[in-house]
Number of protein chains: 2
Amino acid sequence: MTVSRVLRNRGDVSEATRERVLEAARKLGYVPNKIAGALASQRVNLVAVIIPSLSNMVFPEVMTGISDTLEDTGLQPVVGVTNYSPEREESVLYEMLSWRPSGVIIAGLEHTEAAQAMLAQAGIPIVEIMDIDGTPVDSAVGISHRRAGRQMAEAIIAAGYRNIAFLGTMMPYDHRARKRLEGFEEALAKAGLALVDREFYSGGSALLKGREMTEAVLTRSPQVDFLYYSNDMIGAGGLLYCLANNIDVPGRIGLAGFNGVELLDGLPRKLATMDACRLEIGRRAAEIIAGKRQNGVIGGEVIELFPTLQPGDTIRKPVL
Amino acid sequence: MTVSRVLRNRGDVSEATRERVLEAARKLGYVPNKIAGALASQRVNLVAVIIPSLSNMVFPEVMTGISDTLEDTGLQPVVGVTNYSPEREESVLYEMLSWRPSGVIIAGLEHTEAAQAMLAQAGIPIVEIMDIDGTPVDSAVGISHRRAGRQMAEAIIAAGYRNIAFLGTMMPYDHRARKRLEGFEEALAKAGLALVDREFYSGGSALLKGREMTEAVLTRSPQVDFLYYSNDMIGAGGLLYCLANNIDVPGRIGLAGFNGVELLDGLPRKLATMDACRLEIGRRAAEIIAGKRQNGVIGGEVIELFPTLQPGDTIRKPVL
DNA sequence: ATACGATATGTTAGCGGTAACAGCAGTAAT
DNA sequence: ATTACTGCTGTTACCGCTAACATATCGTAT
């Protein structure tokens with residue numbers, strides 16, 4: 001018992017005994033068994049983080065925000081990856097919940113019915129991140145992708161472009177990309193426009209795909225004067241393609257992506273984009289988990305963040 | 001007890017009872033408590049994976065290899081990130097070991113003394129990945145970065161370049177980048193050459209840093225005819241800089257990076273690089289953990305993988 | 001009818017810690 | 001001297017599950 005007290009810094013132990021215990025622990029290479037500890041105390045310092053992928057730049061940055069904020073709370077993030085598969089999400093969630101974490105941070109608002117039920121039943125703070133276009137189980141931190149799509153469309157139209165094409169992922173479960181496209185088309189419609197062309201891809205090097213898709217669209221639909229990409233990586237590929245082929249950007253063709261990835265800073269020309277507040281999302285989500293744990297508040301809150309449009313060098317200045 | 005048997009698919013249970021149990025579990029939203037289960041059975045289906053960073057492209061791909069292989073073994077990877085800090089590595093390791101995982105996959109061979117001791121004492125399979133230039137605690141899967149550096153130097157020299165500069169990270173704890181540089185300089189020395197210039201960076205957008213550093217070096221040392229980058233990202237930045245400034249690549253200046261990241265495929269010209277066998281490393285490491293668990297073998301094995309040099313378009317053809 | 005093996009279910013004792021409380025010495029206040 | 005309190009250490013009963021063993025049930029060969 002005294003050992004337990006020393007190792008957890010809880011309760012009074014005389015300095016002499018504390019020393020003896022620590023010395024012995026060090027000598028024996030003793031590592032306390034958190035499994036037993038957690039079972040006895042009904043407390044687990046783990047936070048489940050469930051995200052679709054690690055291979056694009058977006059989630060690692062969210063992770064950074066989460067880790068930074070959790071750093072000095074004693075909480076530890078544990079990552080599960082779903083590869084954009086709802087079934088896999090469900091099973092990862094089940095697996096993680098069975099370790100009784102202190103909270104769950106999960107990407108998106110769309111989950112299987114079973115997953116929804118598990119989240120609702122879990123009795124711990126749940127934060128759904130990235131997206132707020134929908135109804136969260138508990139709390140949510142994110143941006144409105146629909147609005148983001150609309151905003152970009154409005155900026156593009158204001159700049160005088162009229163023949164607009166969309167290039168993006170095919171993934172049926174990338175709900176956020178879908179919502180951006182919906183918002184985008186909605187704003188086009190309001191201006192009496194419609195997409196002139198669209199092109200989808202899946203898998204492979206995004207940068208390369210961006211080049212290929214851009215070539216395909218420009219060949220097929222020469223009248224196109226703007227390319228809206230569902231993410232910055234393929235947008236960057238498109239930009240490199242245009243530069244390599246001496247296409248006047250943003251005069252003849254305008255370009256825009258989404259995410260505000262750091263990578264763009266290194267490109268010869270800055271791609272228009274909207275930053276997705278990734279770091280901030282991670283931070284705020286972690287704060288909710290850490291905070292709730294303290295004061296036991298259960299009411300869900302929705303935090304909407306507002307991405308800023310970065311016009312870069314690939315959109316003409318608006319015609320007034 | 002019967003419930004336990006049903007939920008773990010272990011032992012004989014009549015079909016009727018099994019159905020009843022599953023139905024009840026579903027209706028109640030019952031999620032078994034793995035903490036208690038693990039304590040009782042002394043078995044934990046978790047594999048600790050400890051890596052320095054998620055934000056460059058290399059570790060996510062290793063993770064993919066690990067996840068894929070572990071997928072159908074019932075084992076689950078749990079990721080911890082150290083940010084290249086030995087102290088943080090030590091504490092992350094301690095934290096993870098206290099959950100009694102079935103194995104540890106940890107990047108690099110360099111750890112604090114305490115971390116080394118913990119790994120040695122843990123009594124579970126340990127796989128140190130990425131690097132094999134050193135003495136592993138147990139098993140290791142990786143490449144020789146020293147050899148990789150040497151190989152690249154030899155190829156560069158064979159191609160006729162003589163005034164070679166190095167551009168890389170400043171991070172004192174990126175041992176693998178350091179070893180590559182050591183091997184590189186060693187091979188230069190053997191050919192009677194030495195680095196003409198060197199430039200280091202830390203933090204920020206690697207692509208942008210690549211541009212800036214390249215400009216700095218070329219301005220400061222105009223005689224330089226080859227730039228060896230410690231990673232592909234800054235190499236790509238350098239390449240874009242050269243192309244933008246109409247520098248003849250690979251005639252006037254040759255370029256090479258390291259890692260073989262997918263990103264390069266999308267660039268207007270292919271950067272010379274060496275792929276680091278990331279996917280394969282993840283796979284083999286996971287196999288060792290999964291396999292050992294089965295047959296209880298404890299002997300450590302060292303698996304050296306051999307990266308292939310991809311000359312791309314940024315090294316002149318060797319002069320024979 | 002009896003014995004037997006196979007299948008199905010129940011019982012008991014932990015796993016390694018921690019919460020809660022009990023005990024005990026020493027010191028200060030009454 | 002008695003009481004009250006503080007600081008330190010020890011005791012006990014779990015936490016929720018599973019290994020190991022015990023028991024019950026049933027069809028079937030003897």
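In what follows, chains are A, B, ... by sequence order, proteins preceding strands, each numbered from 1. Only heavy atoms go into these numbers, but all of them, side chains included; no hydrogens, no water, no symmetry mates.
At C:dG16, one or more side-chain N or O atoms of B:Q42 fall inside 4.0 Å of OP1 or OP2 (strictly under the cut-off).
Using a 4.5 Å heavy-atom threshold, the side chains of B:Y30 and B:L22 count as separate. At a threshold of 4.5 Å between non-hydrogen side-chain atoms, the residues A:T17 and A:V6 do not count as touching.
In this structure, the separation between CZ on A:R178 and CZ on A:R146 is 6.5 Å, given to the nearest 0.5 Å.
Judged as a side-chain hydrogen bond (donor to acceptor under 3.5 Å, both in side chains), and not counting sequence neighbours, A:R176 has no contacts. Under the side chain to side chain contact (heavy atoms under 4.5 Å, CB included) criterion, B:Q42 pairs with no residue, sequence neighbours left out.
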Restricting to nitrogen or oxygen on both sides, can you table the protein-nucleotides 6-8 of chain C pairs closer than 3.5 Å?
none

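Residue pairs meeting the side-chain hydrogen bond (donor to acceptor under 3.5 Å, both in side chains) criterion with at least one partner in residues 59-71 of chain A, sequence neighbours excluded, are A:E61-A:R278.
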Distance-only check: which donor-acceptor pairs under 3.5 Å involve side-chain atoms of residues 117-129 of chain B, not counting sequence neighbours?
unit_1 : atom_1 : unit_2 : atom_2 : d
B:E128 : OE1    : B:V137 : N      : 2.6
B:E128 : OE2    : B:H111 : NE2    : 2.7

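Salt bridge annotation for B:R20-B:E23: absent, with no cationic side-chain nitrogen under 4.0 angstrom from a carboxylate oxygen.
Summarising the geometry, the separation between CD1 on B:I35 and C1' on D:dG16 is reported as 10 Å, rounded to the nearest angstrom. If you measure from atom CD of A:E19 to atom C1' of D:dC8, you get 16 Å, rounded to the nearest angstrom.
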Inset, instruction - Encode nucleotides 17-25 of chain D as B, S and - characters from 5' to 3', where the letter depends on protein heavy atoms closer than 4.0 Å: B to the base, S only to sugar-phosphate, - to neither. - result: BSB------
